[in-house]
Amino acid sequence: MKTLTYRDAVNAALHEEMELDPSVFVYGIDVGDHKRIFGTTNNLVEDFGPDRCFSTPLCEETLVGFGLGAAITGQRPVNVHMRVDFLLLAMNQLANMVTTWSYGSGGSLRVPFVIRAIIGRGWGQSYQHCKSLQSIFGHIPGLRVVMPATPADAKGMLKAAIRCDDPVLVIEHRWLYDAEGVVGDLDEIAPLEGASILRPGTDLTIAATSWMNVEAMHAAKILGKAGVGCEIVDVRAVAPLDDTTVAASVAKTGYCVVADTDWVPYGLGAELAARLHERCFDSLKAPVKRVGFAFTHCPCSRPLENLFYPNAGQIVRAAEELLKLPPVDLEGEDFYSYERKFRGPF
Amino acid sequence: MKTLTYRDAVNAALHEEMELDPSVFVYGIDVGDHKRIFGTTNNLVEDFGPDRCFSTPLCEETLVGFGLGAAITGQRPVNVHMRVDFLLLAMNQLANMVTTWSYGSGGSLRVPFVIRAIIGRGWGQSYQHCKSLQSIFGHIPGLRVVMPATPADAKGMLKAAIRCDDPVLVIEHRWLYDAEGVVGDLDEIAPLEGASILRPGTDLTIAATSWMNVEAMHAAKILGKAGVGCEIVDVRAVAPLDDTTVAASVAKTGYCVVADTDWVPYGLGAELAARLHERCFDSLKAPVKRVGFAFTHCPCSRPLENLFYPNAGQIVRAAEELLKLPPVDLEGEDFYSYERKFRGPF
Amino acid sequence: MEQTLAVARQLYRRMYLIRTAEDAIVKRYHENDMKTPMHMSMGAEAIAAAVCLAIGPDSLCVSSYRSHGTYLARTLETDRFFAELYGKCGGTADGRAGSMHLSAPEQGYLGGSAIVASVIPVATGAAFSLKRLGRDAVVAVFFGDGAIDEGSFWESLNIACAWRLPVLFVCEDNGFAVHTPAGVRHGYASITDIVSRFRISAAETSTTDASLLHAATQELLADMRAAQRPGFIRMHYYRYLEHVGVNEDFAAGYRPRDEYEEWLAVDPVTTQRTRLLEAGVAEDWVAEMERGIDAQVAHSIELAVAAPFPDECILFRDVMTNENVDIS
Amino acid sequence: MEQTLAVARQLYRRMYLIRTAEDAIVKRYHENDMKTPMHMSMGAEAIAAAVCLAIGPDSLCVSSYRSHGTYLARTLETDRFFAELYGKCGGTADGRAGSMHLSAPEQGYLGGSAIVASVIPVATGAAFSLKRLGRDAVVAVFFGDGAIDEGSFWESLNIACAWRLPVLFVCEDNGFAVHTPAGVRHGYASITDIVSRFRISAAETSTTDASLLHAATQELLADMRAAQRPGFIRMHYYRYLEHVGVNEDFAAGYRPRDEYEEWLAVDPVTTQRTRLLEAGVAEDWVAEMERGIDAQVAHSIELAVAAPFPDECILFRDVMTNENVDIS
Ligand SMILES: Cc1ncc(C[n+]2csc(CCOP(=O)(O)OP(=O)(O)O)c2C)c(N)n1
Ligand SMILES: Cc1ncc(C[n+]2csc(CCOP(=O)(O)OP(=O)(O)O)c2C)c(N)n1
Ligand SMILES: [Mg+2]
Ligand SMILES: [Mg+2]
């Protein structure tokens, strides 16, 4: 039991699994350079050599196919993409190849392949470095998709992903890298399925993904002052999606806001809402509300960017609408504190 | 006013628009060979020459980027993909480039670019030639996505798509190519937005996409014998999605089945269900039910394939569950009649 | 000499098997029981036979959707092959894969793909494994002249060369992608010339003589091993049948029948048979082997026809390791 | 001679503008008001200046995220440039695009992209348009040595050559993709050698002398026009600053400062200035031009700083033509 940042938790997971299993290796564009993928691949080259952690040419489609080839011949590759947007270049390998190979071989081959894709937000990076896309990945059978929101999950889920015989896409939010928390030991893994209750409450359920859990916590504080007890459910896994935990919460609260780091139409909130209305038809006192990106391209300019990305304020407003509460004064609230802390290039 | 097959309706749309506007051209893998994309590109080479209808090298990513380049410099390209699965190779151009270029240029440039992607089913083509993926495309801002289900729409929507200044993805179901129907004249176009009522009814709404409208019609007949009046809403446009028409139907019937040619999780049914529960919270007497592909990879073997693809039978069963009716006897029904008609290779 | 003869026999066994199996497909396809799109290897038998034999049993291979040849040359078995084509239990994936996705991992044939060029990156990853494990083996990846249009061919070529991976790129060149000729698809005169400027051993051949193809492949493999780098070989052949399906398609007009007849005059299977006899192999031995294969194929088809269709429950099997997961 | 001098002046004007604008960025970036990732052109000024001038005003260009040089060489304007970097009204996209997506379509600069290599296919389509319209013009596409790793470079090269499209491929080669050197990324000795085997006019240069680059580009364009085919030119340069951002990064250890100093000795901007003076252009004329540009840049920055941020409503504008559509 140690306290680590999310960044170091990711790094520790890689270190431990590479130590335990020589078939694990890490590769991708820039994984080996001095920036070390925001520090998450620190010391891997030093400790395991350039054969087990190496930077590559720029060729996403081939890099993902490469991982498939390595995985079905005894390796456990971990491929890193600095932005999930770049993974769009490899959608063919992901949706046509990596996910189908086990099925197509009649189960003779398994594909223990981890892809880490980083999402993030802000700082004017605009519309080609802004996406999140979990619902797109979740739509493809045969792919596990997880979004750890805490250092404990960052470590535990990545370790579980590496040990898993299925392809797993781990989506990490760059803004979480500085978050601190207690993480598990060498032997501990965190399940790749199942939502978890981050904060108990009785009046309203907020189901959140990734960074939106941080916004949800903030929203819960604000709403708490107005006497609303929010239960926050960290969705954790996009596919398979655990609606049971969320439904249990909603059965209790009767209200639900889904807060997702992605576009709303055809997004994760749609799937969750569809399932919640099915499972909680009688207990839901109002329709599920969805909060996410504005359905447009991410703009560069800060004031517009702030409108593009959802935050605690929007969760509060959604909750108020559901509960028919008068809007609280958000004037004094510090909404883009992280974004203000963050300076320059990316 | 003429009666044409869906295939000839597509062909007529291309002919007419190419005739009217010299900036329209058609290109893609095999568009110019003697098979003519199931006959949909018949006579284009003959009538407009190889400069305006030409087969290409195999390079989907580049072909879509090529269309973008042509579109922003005065052309109206139409790019054809024989299987939507192949478009996964071009997801980067689609989601990062084609859809963003107008926004990024501050509106100085528009992207009048049509992509035709063919979906289909059956005949053992298995898991790399089976996808539909409309929810994935609908999740991307800046892309219009339509799925014409009738010859009239096949012609009218394709004509509208070609005249539209936005990128439009037209998804055509191969099994519809033989369907016959009355189509519009030279000047007529069909709107790229808005659902339409294919069959009126008062007891249950079936919202269907593409080929699933045919299955829905069949289901409506069966259910009609049990005294259930089904209203069939052809979704027509995936993005922007018209929930108003469906909601109006549901407000009347109180029950809804969404029948989609795609996987259910994170699929079109999720988005529609989420919106319907929001808009028809009080009128829905039961949760929206979703029918679609089995969430697995499409198998080759016919009996398994029949389990993979949804049909009228499943719609009937979904309706019965919603309406709490006893299951009707489906023994005598001919469910895979089209599939049996279709023989060999693809 | 003895060895050459042994190789020649093995080549012929493979080629005759491929031809016989495909002849049977042609004969029975109209019965409409093999419901899977057939991309026939007919005319290309020598390539699969030569390469699969040359790389040896420790090597791996991956292929495209046109993979009957590779599968049969690699495995020599037809029971699972036909069961798969019939969509039956006992097939390579119990009927879930079909003609375009045959595989035999336990014999080093990792599988095929119906997306053009998509297995080429997979080959680089498998070759990386072989290299890490220190194996003296290669990964042969088979693809058509259409696959070289795709970017992933170039990306994979680049990383294989940059990282000195033991990949043998085999371009099975029939001059067409479906019906579109290579000439209108390629902005260069010779792919082999271009590829040879990478850090690779490169070769090209247009013979249908399997023994020559085998020798050429062996030579290339020796060069690859000596230079510790990948190899590329372009092998020209003529596709006898339509792109997909079991019929001739000369009436379509995109290629003349004459061409076919020229190639047919040097048909790989009959050429190899003649070779064997010329080299002194007894006609009896050959005929005996042929009868054995005829019987094998006939028996496999009987088994496949008689086999049951797969049970419903396998529809969801092998999608994820834990099938109990609630994934809908 | 007169003409050469005129060209030399125009080259210097462009290069001095690029350098001055970027110097201003370096100076003011720490104020944290230009909130957009800057990929600086410093060190590469001669390439943008030479190519943009050589292709002429009827030609088109597209570029990567490292596009300050292209934008400025093409437009010579700085008002919209700085407004965009400051995320303000009056920018090329009223602040929605930022440094990585500058564009000036009315001046033939179609835009840039932050996805490596992704504009290369776009260039082929634009060139197809030019060809269809019968224009005597080309599309110049600028990309780095990292972009040639991507499959779409090869795909586009192939179709441009197969279809004889007037694309000028400009590889701005700084030897690094972020911090990963070309040597470990490329499985071949010379990209120019390989590309030259396609049906294309190909050239390579490592000079920082803009006049020489201009002449080389002109020669290539003449060859392209004569042969009716695309062109490829690889131009080596040294990236002065970090991959993204406005600082030096020699302390990071992945490249030595010495190297930088060698290149700095032949800095393109000072080289061109010297050239002008040597050719007899009056120092006064040069200084006057420089003062004009200094003032232009300073004024543009003032305007940008004073400009309002864009209105909320443009967040959804230009996503689709009909903004009234209910898209959420
Ligand atoms: C990425 C992709 N694009 C298009 C297709 C459709 N398609 C199937 S086979 C084929 C031609 C491939 O030609 P080649 O690689 O020469 O192989 P051959 O069939 O001649 O053996 C095409 C275009 C596909 N399967 N995958
Ligand atoms: C497809 C893609 N992969 C990765 C990245 C991340 N990335 C941004 S710039 C860059 C290096 C590009 O190098 P090069 O093409 O040589 O251009 P340079 O920056 O040197 O001008 C990388 C890897 C990206 N933007 N797009
Ligand atoms: Mg071919
Ligand atoms: Mg570079």
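Proteins get letters first, then strands, A, B, ... in listed order; numbering begins at 1 in each.
For chain D, the option among C:Phe153, C:Trp163, C:Tyr188 with the highest count of heavy-atom pairs below 4.5 Å is C:Tyr188. Between chain C and the options D:Gly187, D:Gly151, D:Ser156, heavy-atom pairs under 4.5 Å are most frequent for D:Gly187.
Contacts between C:Val184 and chain D at a heavy-atom distance below 4.5 Å involve the backbone alone (N, CA, C, O). Residue contact with chain C, scored on non-hydrogen atoms closer than 4.5 Å, involves the backbone of D:Arg185 exclusively.
Remark: D:Arg135 CZ is loosely packed, at most 12 non-hydrogen atoms of other residues, nucleotides or ligands lying under 6.0 Å away. By the 6.0 Å contact criterion, CZ on D:Arg132 is enclosed, its count of non-hydrogen atoms from other residues, nucleotides or ligands being greater than 12.
Between D:Phe198 and D:Phe232, the ring centre distance reaches or exceeds 6.0 Å. Annotation: C:Phe169 is not in aromatic contact with C:Phe142 [ring centroid separation under 6.0 Å not met].
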